[in-house]
Amino acid sequence: MKEQERIPVTKGQRSAKFVKTGIQIGGNYIKHYSKKLFNPDLSRDELNEDNATDIYKSLSELKGSALKVAQMLSMDKNILPKSYIDKFTQSQYNAPPLSGPLIVRTFSKYFGKTPEQIYDKFNLHSSNAASIGQVHQAELNGKNLAVKIQYPGVGDSISSDLKLVKPFAFRLLGMNEKELNIYIKEVEERLLEETDYELEVRRSIEFSEACSHLQNVVFPKYYPELSKKRIITMDWIQGLHLKEFLKTNPSQALRNKIGQALWDFYNFQQHELRAVHADPHPGNFMITPDEKLGVIDFGCIKEMPDDFYYPFFSLISSDVLQDKAKTIAAFRQLEMIHPEDTENQVEFYYKAYREMIELFARPYTSKTFDFSKPEFFEQLYKYAEKVATMPEFKQARGVKHFIYVNRTNFGLYTILQELKSVVHTDTFQPHTLK
């Protein structure tokens, strides 16, 4: 993949890039409707393909929070047309990398040294490039290292970028302004944390130690002395990303083993640590040669306060959902039902959310769950599509914690679906108030 020689850093440069992309999209619509005059039955497939290509090209050059939003949307497979999913998924694995001179400049800024002065060997060509940073291989004292380097300007442009991406999100997500503002605000808070690499190193050490007892899950060692606010040095974990792993045609037993490790990793965090690795895209995991799950990124952590955790998980792990009054009380606490709702609205949202949670909680309702069966996901996506067209859901509902907790769990489900794993779902159970 061709390396990127420069990245727009100033607000003016980045704004100009969005404006240019907006003009390109406008041109795509004009072209589409011109063709439709002569062919009324013309589908939107070509329009979606053109728009997805132009938007992804622009975001991949800007990198940072704009590209991160694309990455997040690519995981919500029920939200966007397939053309967008196919393009945006590239940001999970390999966005266009930055060139060597830009990398050297970053090291000089934060260490006052070039990479060659710090490591015994350093490969200026990246191994992986994603939304916020790219990874390079290095060696020091006989150890193979992974060095993650943040793109220039990413951490300083989050707020302005998210304001610029709002019109695109408006069109793609179909949210009203209040709901979109809640979404953008929560994303901004997590991205500000995710671009602070010194915070990530501390959290990575903390979480890898807390999860060290989990079977078949491994973590790299982190080196704070070789890390800075925009640079992280850790051990290199040898292995395959999910797509590469699946191409090896692994046995069902191995699929189940990796799937179980993934399930335990997430549910231990949710129910014992009350804070969870909230970026479950396949690019953050490796399957090692000794058949273990390697976790290589702890940038995005979502903490769950008690006033969210208990009412939410009581709905999926106890008999609360069988008691209408208790269910409505939990929905009110989670702001899924509002104080000003009429009796008819309360009844509508009670039925709608109850159906949604019964679907979501299905893996928790038996000791094992087969994620290879398509029926579960077909029902999930079908319900999500139905809700997306309902005017009752055009207003913001639910506390902000849903944004990343839902993303985490549906991301987990999606990876388990790709693995076609059968997992024991009773290993780490939700806690409920007595």
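For the single chain, residues carry numbers from 1 onward in sequence order.
- The shortest heavy-atom contact between L145 and Y223 is CD2-CE1, 3.7 Å.
- Between D196 atom CG and Q150 atom CD the span is 8.5 Å, to the nearest 0.5 Å.
- Atoms CG and CG, on N249 and L254 in that order, are 10.5 Å from each other to the nearest 0.5 Å.
- In terms of modelled atom types and a separation under 3.5 Å, the side chain of S227 and the main chain of T233 share a donor-acceptor contact.
- In this structure a side-chain-to-backbone donor-acceptor pair under 3.5 Å is missing from Y197 to I231.
- Side-chain atoms of T427 do not come within 3.5 Å of backbone N or O of D264 as any donor-acceptor pair.
- Contacts of Y222 classified as ring pair (Phe, Tyr, Trp, His ring centres under 6.0 Å), with partners at least two apart in sequence or in another chain: none.
- The minimum heavy-atom distance linking Q345 with E340 is given by the pair OE1-O, 4.2 Å.
- Residues L419 and L242 share a closest heavy-atom pair of CD2-CD1, 3.5 Å.
- For the pair I103 and Q134, the minimum side-chain heavy-atom distance is below 4.5 Å.
- Listed by chain and residue number, F245, I258 satisfy the side-chain contact (heavy atoms from CB on, under 4.5 Å) test with I287 (two or more places apart in sequence, or in another chain).
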Exercise for review: Applying side chain to side chain contact (heavy atoms under 4.5 Å, CB included), run through K257 and Q252 and close with a yes or a no.
Suggested key: CA-CA 9 Å; K257 179 180 178 181; Q252 186 62 52; over 6 Å; no
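- For Y364 and W263, the gap between ring centers is short of 6.0 Å.
- To the nearest 0.5 Å, the span separating CG on L214 from CG on L262 amounts to 11.0 Å.
- Atom CD of Q322 sits about 7.5 Å away from atom OG1 of T327, to the nearest 0.5 Å.
- By the 4.0 Å N-to-carboxylate-O rule, K326 lies too far from D319 to be salt-bridged with it.
- With respect to the salt-bridge test (charged N to carboxylate O, under 4.0 angstrom), the residues R362 and E358 do not qualify.
- Taking the side chain as every heavy atom from C-beta outward, E189 and L192 never approach each other to under 4.5 Å.
- The closest side-chain heavy-atom distance from M286 to L240 is not below 4.5 Å.
- For the atom pair NZ (K373) and CD (Q417), the distance works out to 13.0 Å, reported to the nearest 0.5 Å.
- One side chain, S372 or D370, offers a donor N or O that lies under 3.5 Å from an acceptor on the other.
- Note on K324 versus E347: salt bridge recorded, some NZ/NE/NH1/NH2 to OD/OE distance being below 4.0 Å.
- With hydrogens and angles disregarded, a donor-acceptor distance shorter than 3.5 Å links the side chain of Q269 to the backbone of F265.
- Screening Y381, F360, F369 against Y413 for a ring-ring contact (aromatic ring centres under 6.0 Å, His included) leaves a single residue, F360.
- To the nearest 0.5 angstrom, T408 atom OG1 is 13.0 Å from F402 atom CZ.
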Point to revise | Check against side chain to side chain contact (heavy atoms under 4.5 Å, CB included), E343 and F348 | key: CA-CA 9 Å; E343 286 185 22; F348 170 83; over 6 Å; no
Check your understanding: What do the steps show when you test L199 against E194 for side chain to side chain contact (heavy atoms under 4.5 Å, CB included), and what is the final call?
Key -> CA-CA 8 Å; L199 173 64; E194 200 167 347; over 6 Å; no
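- Cation-pi geometry between R397 and Y349 is met: under 6.0 angstrom from the ring centre, within 45 degrees of the axis.
- Of the possible donor and acceptor atoms, one in the side chain of N409 sits under 3.5 Å from a partner among the backbone N and O of V405.
- Considering every non-hydrogen atom in both Q238 and W236, the closest pair reads OE1-NE1, 3.4 Å.
- For residues 206-219, no pair satisfies side-chain hydrogen bond (donor to acceptor under 3.5 Å, both in side chains), with sequence neighbours left out.
- Between A210 and F268, the closest heavy-atom pair is O-CE2, 3.4 Å.
- The closest side-chain donor-acceptor pair between Q260 and N256, if any, does not fall under 3.5 angstrom.
- Taking 4.0 Å as the cut-off between side-chain N and carboxylate O, E193 and R190 count as a salt-bridged pair.
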Residues 294-312, side-chain donor-acceptor partners within the protein, below 3.5 Å, at least two apart:
residue	atom	partner	partner atom	Å
D297	OD1	G299	N	2.7
D297	OD2	K148	NZ	2.9
K302	NZ	E186	OE2	2.9
K302	NZ	H401	ND1	2.8
D306	OD1	R274	NH1	3.3
Y309	OH	H271	ND1	2.9
Y309	OH	H431	N	2.9
Y310	OH	R274	NH2	3.4

Practice item. Carefully, step by step, assess L380 and F410 under the rule side chain to side chain contact (heavy atoms under 4.5 Å, CB included). Key: CA-CA 10 Å; L380 274 178; F410 283 117; 3.8 Å; yes
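- Of all non-hydrogen atoms in P224 and I205, the two that sit nearest each other are CG-CD1, 4.0 Å.
- No close placement of the F207 and F219 rings is indicated, their centers lying 6.0 Å or farther apart.
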Practice item. Might you work through the salt bridge (charged side-chain N to carboxylate O under 4.0 Å, His left out) test for R407 and D279, ending with a clear yes or no? Key: CA-CA 8 Å; R407 176 194 178 209; D279 199 6; 2.7 Å; yes
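- Put simply, the side chain of L226 does not reach to within 4.5 Å of the side chain of M234, judged on heavy atoms.
- With hydrogens and angles ignored, the 3.5 Å screen pairs a side-chain donor or acceptor of S366 with a backbone N or O of T368.
- Side-chain atoms of D341 come within 3.5 Å of backbone N or O of H338 as a donor-acceptor pair.
- Between H277 and Y266, the distance from one ring center to the other falls under 6.0 angstrom.
- Partners of D290 under the side-chain contact (heavy atoms from CB on, under 4.5 Å) rule, at least two apart in sequence or in another chain, are T288, K292.
- Two residues are said to be in side-chain contact when any heavy atoms from C-beta on lie closer than 4.5 Å; P250 and R255 meet this criterion.
- Side-chain contact annotation: Q429 with N267, donor-acceptor N/O pair under 3.5 Å absent.
- Within the 4.5 Å cutoff, the side chain of F331 has heavy atoms near those of the L315 side chain.
- Residue pairs that meet the salt bridge (Lys or Arg N to Asp or Glu O under 4.0 Å) test with at least one member in residues 220-235, sequence neighbours left out, are D156-R230.
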